[in-house]
Amino acid sequence: MTTRRDFLKISAAAGGGIAVGFPIAGMGQASPREINAWIVIRPNERVIIRYACSEMGQGSMTSAAQLVAEELDCDWSRVRIEYADTNEHIRRKRAWGNMASTGSRTIRQSEQRLRSAGAAARAMLVAAAAQAWGVPAAECDAAGGAIRHAPSGRETTYGSVAAAAAKLEAPGEVRLKDPREWKIAGKPIRRVEIPAIVTGRIRYGIDARLAGMVYAALAQCPVFGGTVQSVDAAKIQSRRGIIKVLPMSDFVAVVADNWWRAKEALRELPIAWSTSGNESASSESIVESLRGGLDEAKAAVAKQEGDIEAAMPGAQKLIAAEYFTPYLAHATLEPQTCTAVVKNGRVDVWTSTQNAEATHAAAAAAAGVPLENVYVHRTQAGGAFGRRSVQDYTRQGVAIAKAMQGTPVKTLWTREEDIQHDYYRPASMVRMKAALDASGMPLAWHTRVAAPSITATLLKYPLNGGADAQAVAAFADQPYAIPNVRVEYAQRDSHVPVGFWRAVGHSQNPYARECFVDELAEAAGKDPYEYRRGLLPFSSKELRIFEATAKAAAWGSPLPPRVHRGIAVTEAFGSYTAAVAELSVSDKNLVDIKRLVIGIDCGYVVNPDNIVAQVQGNAVFMLTAMFWGEITIKDGRVTQSNFHDYRMMRLREMPNVEVVLAPSGGFWGGVGEPGLAAIAPAVVNAIFAATGKRIRTLPLKNHGFEIA
Amino acid sequence: MIRLTVNGKLHEVDVEPEMPLLWVLRDELDIKGPKFGCGVGQCGACMVHVNGEPALSCALPVSAAAGKRVVTIEGLAQGGRLHPVQQAWIDHQVPQCGYCQGGQIMAAVALLRSKPDPSDKDIDEAMANICRCGTYARIRAAIHAAAKKRR
Ligand code: FES
Ligand code: FES
């Protein structure tokens with residue numbers, strides 16, 4: 001049986017810490033010193049804060065704990081963070097709420113719960129001390145993990161009264177601090193897992209190691225949706241280290257005593273696939289289908305305001321344009337992986353996930369055991385970006401482990417499998433038409449989006465009135481004061497699986513929308529900044545971040561010869577963002593980005609340095625996509641396979657990024673994704689300013705542009 | 001049997017000579033700092049030092065490391081003291097997911113060994129490892145800081 005020693009347990013240096021890897025047994029009951037589901041305090045003053053969502057580089061593990069610690073008024077240097085256990089979660093009626101780190105929601109969805117848990121625990125600790133002293137709790141105060149009764153001068157610590165506090169009723173109501181009073185939250189506290197990262201001690205899903213473990217490499221049908229017809233296992237069975245060849249329904253796994261041996265043998269394994277009708281699909285046929293969606297007479301209406309038909313004829317000018325964005329793969333640097341043991345009706349899983357509950361459920365289903373018999377051991381995820389919300393790799397890993405009957409198996413994908421079997425950011429085509437009045441301002445704006453639906457195909461939810469909210473994001477909720485607006489959606493699914501890719505619809509629609517606004521400004525003969533200012537409602541958050549970002553970038557100030565600017569603004573994931581790009585384009589189409597200023601207003605700020613880091617990362621992620629990112633389809637399969645043909649930005653290509661953190665308070669906006677949304681249009685608008693070319697399809701490499 | 005020294009410790013492994021060093025380290029010796037990112041020498045997540053030189057362990061047959069000194073991210077800190085590059089990485093809060101960072105740090109240490117005070121251009125040329133999370137600005141700042149500290 002698996003024991004806790006089998007998986008490495010790490011505790012980090014002072015100043016906050018993280019425990020990676022879980023003891024497996026005995027997680028069913030609440031521990032005796034648990035004040036509530038989120039907080040355990042030990043007699044030695046160690047404060048354990050549980051974290052329910054995932055850490056994949058977005059920094060929420062530290063930020064979430066900051067919110068708890070703030071209300072708890074504990075000493076941050078005593079804090080250690082542990083993942084909440086999913087098995088206990090099931091047994092305790094989902095005590096930790098939603099565990100998914102998706103949609104830039106980790107903090108927004110849990111801040112009330114986290115802060116309340118901290119405040120309630122503080123009240124219970126104070127009450128326990130007051131009871132011991134026989135004084136009214138109202139006369140006691142707590143700070144930095146110590147409780148004082150000022151009238152008598154008595155003092156005690158959280159660790160001393162934790163056991164008594166754990167027995168008290170939780171208060172029905174707690175007062176939460178005004179964020180202006182924050183001392184731990186709101187500060188650039190260092191991320192807890194970084195010491196373990198820089199020493200190589202941190203553990204990812206790929207690093208799980210169990211006694212007697214074997215390794216699986218797998219191959220899926222190159223044409224999506226195909227199944228295994230036959231394999232010629234005898235061809236590889238005698239190779240060194242090969243333990244088993246497993247033809248599963250839609251993939252083949254080779255199990256060996258070392259992953260490299262498994263992978264090398266798999267390359268030599270003859271596999272016959274049966275595919276069903278998608279072998280001729282191509283990027284061209286998909287684009288044709290999308291265009292069909294644009295041309296079709298009718299489409300679902302996602303938003304309707306005023307009457308565009310009535311307004312169009314009265315226009316001074318009609319402007320129309322079509323934009324296209326391709327499929328994109330996530331390419332998390334850690335490939336998909338899952339280690340599992342299925343034994344005696346119990347399943348243990350170690351994997352990188354951004355939704356531990358979904359991992360738990362997928363493991364139970366794949367093994368055919370009740371949820372109560374599943375244990376998910378949490379690790380750091382080597383990137384996620386939406387990819388690890390889908391649990392295909394967990395299902396495979398558990399199915400393989402089940403077939404291996406009690407032997408622990410680590411299943412690991414190659415990079416090639418990862419690029420060719422993703423749930424891709426949908427390709428999307430957008431047609432926009434606007435009617436301008438005599439002063440050049442839009443009277444009416446008509447948008448039609450043709451794209452596959454993530455909601456319908458991946459989540460399998462019915463579409464609200466036929467419209468996928470992600471597909472029309474940033475159009476249905478566009479901020480401009482335009483009297484007549486219609487947004488339509490034509491669902492055009494293909495056999496290519498689609499999923500949530502960092503910023504989802506906000507990674508593509510703001511590009512189309514904000515570049516089109518630039519086209520309108522040009523038609524109106526106006527400066528793109530002034531034009532938008534004339535259209536954004538006076539009190540809107542968009543206008544505020546737009547002006548703050550333009551000011552930081554000194555929009556309108558003189559530029560060196562050949563250097564030009566572009567600008568864009570949008571809402572995204574409950575936050576507001578704007579970007580200004582300053583660049584020159586050489587005669588050889590080399591784009592030299594001198595400066596990229598990105599503003600973000602996420603309302604409340606929990607960890608300012610982490611927000612800056614996320615926005616810096618957003619810049620690299622988006623520039624990578626807009627210059628090189630495209631997944632193309634030929635003969636039903638993905639053309640790209642590894643980083644040589646699915647290019648990633650490298651350090652030498654990273655421009656100077658300035659982050660304008662301009663929080664206006666009063667709301668909880670997302671952080672991991674919003675900063676991505678305004679970058680592509682700002683850069684493409686600057687390229688127009690520099691070259692006079694409107695780039696209406698991405699990536700830029702297809703137009704001959706390269707990063708200088 | 002192939003003999004190699006990893007982080008100062010001598011190991012003997014019974015593997016195919018063509019097995020990449022990465023899989024010897026990870027699956028045979030349980031040294032998990034070097035990561036698998038691409039397997040084809042593109043990303044740098046698997047970077048280690050072999051006789052002091054940076055090497056992509058996914059593309060290096062273990063036979064080429066026979067009899068040599070291999071250092072991984074785990075072997076960088078000496079006597080419980082972090083290498084100045086590791087400290088700079090903490091001070092600048094470089095990592096996001098961290099998956100690439102062992103390789104990034106190994107590349108930075110090698111760079112500072114050959115160029116103790118690298119220019120931005122030197123950094124551009126030497127630091128070719130992929131970071132999908134996009135920590136490049138902080139990597140650059142941390143390398144300059146580590147160089148400055150050593151001056
Ligand atoms: S894994 Fe070795 S370079 Fe990518
Ligand atoms: S920190 Fe995630 S890949 Fe570099």
Side-chain angles (χ1 to χ4, degrees), chain A residues 8 55-59 188 190-191 193-204 206-207 209 215 240 257-261 263 331-335 380-385 412 414-416 609-610 613-614 616-621 624 642-644 648-654 656-657, chain B residues 15-16 18-20 22-24 26-28 30-40 42-43 45 72-77 82-83 85-87 89-91 93-102 104-105 121 123-140:
Chain A
L8 211 75
E55 181 57 57
M56 54 232 197
Q58 89 281 32
R190 290 180 165 194
R191 297 233 331 264
E193 73 276 31
I194 286 183
I197 289 173
V198 304
T199 50
R201 286 181 293 129
I202 191 146
R203 288 297 175 259
Y204 301 84
I206 195 175
D207 300 324
R209 188 176 183 94
Y215 301 80
R240 180 171 175 188
D257 61 357
N258 171 301
W259 186 75
W260 178 79
R261 289 186 185 122
K263 178 200 69 146
T332 56
L333 198 57
E334 178 193 24
Q380 180 93 350
F385 318 119
L412 171 63
T414 58
R415 173 60 55 198
E416 288 77 9
D609 186 53
N610 186 57
Q614 285 302 300
Q616 291 169 331
N618 287 156
V620 175
F621 213 80
T624 298
N642 205 318
F643 295 130
H644 64 285
M648 298 289 121
M649 177 177 249
R650 304 206 187 233
L651 180 142
R652 65 170 183 279
E653 294 153 335
M654 166 93 184
N656 170 26
V657 171
Chain B
V15 298
E16 302 85 324
E18 68 270 25
M19 183 182 287
L22 176 65
W23 301 107
V24 175
R26 291 187 57 84
D27 290 0
E28 303 293 318
D30 195 22
I31 294 168
K32 296 297 193 347
K35 301 295 189 219
F36 169 61
C38 68
V40 295
Q42 284 275 330
C43 74
T72 72
I73 184 73
E74 290 97 331
L76 217 49
L82 292 181
H83 188 282
V85 170
Q86 291 172 310
Q87 189 57 51
W89 246 241
I90 293 175
D91 295 342
Q93 293 285 288
V94 173
Q96 288 188 25
C97 82
Y99 195 75
C100 72
Q101 299 294 343
Q104 304 279 8
I105 291 170
K121 200 156 170 284
I123 295 174
D124 282 349
E125 277 163 19
M127 300 298 294
N129 299 30
I130 290 172
C131 175
R132 183 57 166 149
C133 299
T135 61
Y136 298 131
R138 289 175 187 230
I139 289 175
R140 187 188 298 284

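Just so it is clear, the values below take in all heavy atoms, side chains as well, and ignore hydrogens, waters and symmetry mates. Per chain, numbering begins at 1; letters A, B, ... match sequence-line order.
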With a 4.5 angstrom heavy-atom cut-off, could you sort out which part of [X] is near chain A: side chain, backbone, both or neither?
X	answer
B:I130	both
B:I31	neither
B:E74	both
B:V85	neither
B:Q104	neither
B:A137	both

Margin query: Between B:K32 and A:Y204, is there a side-chain heavy-atom distance shorter than 4.5 Å?
Written below: no

Item checked: Derivation of the side-chain hydrogen bond (donor to acceptor under 3.5 Å, both in side chains) call for A:N258 and B:E28 -> CA-CA 8 Å; A:N258 171 301; B:E28 303 293 318; 2.8 Å; yes

Count the heavy-atom pairs under 4.5 Å between each of [options] and chain B, then report the option with the highest count.
options	answer
A:N656, A:I197, A:L651, A:V198	A:L651
A:D257, A:N618, A:T199, A:L333	A:L333
A:E653, A:R415, A:R650, A:R652	A:R650

Which one, [options], leads in non-hydrogen pairs under 4.5 Å with chain A?
options	value
B:G75, B:P20, B:G39	B:P20
B:Q86, B:Q101, B:R138, B:M127	B:R138
B:C38, B:A128, B:G102	B:C38

Next item on the list: Begin with the C-alpha distance, continue with both residues' side-chain angles, and end with the deciding distance and a verdict on side-chain hydrogen bond (donor to acceptor under 3.5 Å, both in side chains) for A:R191 and B:Q93.
Entry: CA-CA 7 Å; A:R191 297 233 331 264; B:Q93 293 285 288; 5.8 Å; no

[X] (side chain) donor-acceptor with [Y] (main chain) under 3.5 angstrom:
X	Y	answer
B:Y136	A:M649	yes
A:Q380	B:C97	yes
B:Y99	A:G57	no
B:Q42	A:N642	no

Notebook entry, point to check: So how far is it from A:Q614 CD to B:C133 SG, rounded to the nearest 0.5 Å?
Noted result: 8.0 Å

Check: Quick one: CH2 on B:W23 to OH on A:Y215, what's the gap to the nearest 0.5 Å?
Finding: 9.0 Å

Notebook entry, point to check: Side chain, backbone, both or neither: which part of A:E416 has a heavy atom under 4.5 Å from chain B?
Noted result: side chain

Note to self: Between A:A331 and chain B, with a heavy-atom cut-off of 4.5 Å, which part of the residue counts as in contact: side chain, backbone, both or neither?
What the structure shows: both

Test: [X] and [Y] ion pair at under 4.0 Å:
X	Y	result
B:R26	A:D207	yes
A:R240	B:E16	yes
A:R261	B:D27	no

Margin query: Ignoring hydrogens, what is the shortest heavy-atom contact between B:F36 and A:L412? Give both atom names and the distance.
Written below: CD2-CD2, 3.8 Å

Margin query: side chain to side chain contact (heavy atoms under 4.5 Å, CB included), that's the test. Do B:I90 and A:R190 meet it? Break it down for me.
Written below: CA-CA 8 Å; B:I90 293 175; A:R190 290 180 165 194; 3.3 Å; yes

Margin query: Can you see whether A:F621 has B:R132 sitting over its ring - NZ or CZ less than 6.0 Å from the centre and within 45° of the normal?
Written below: yes

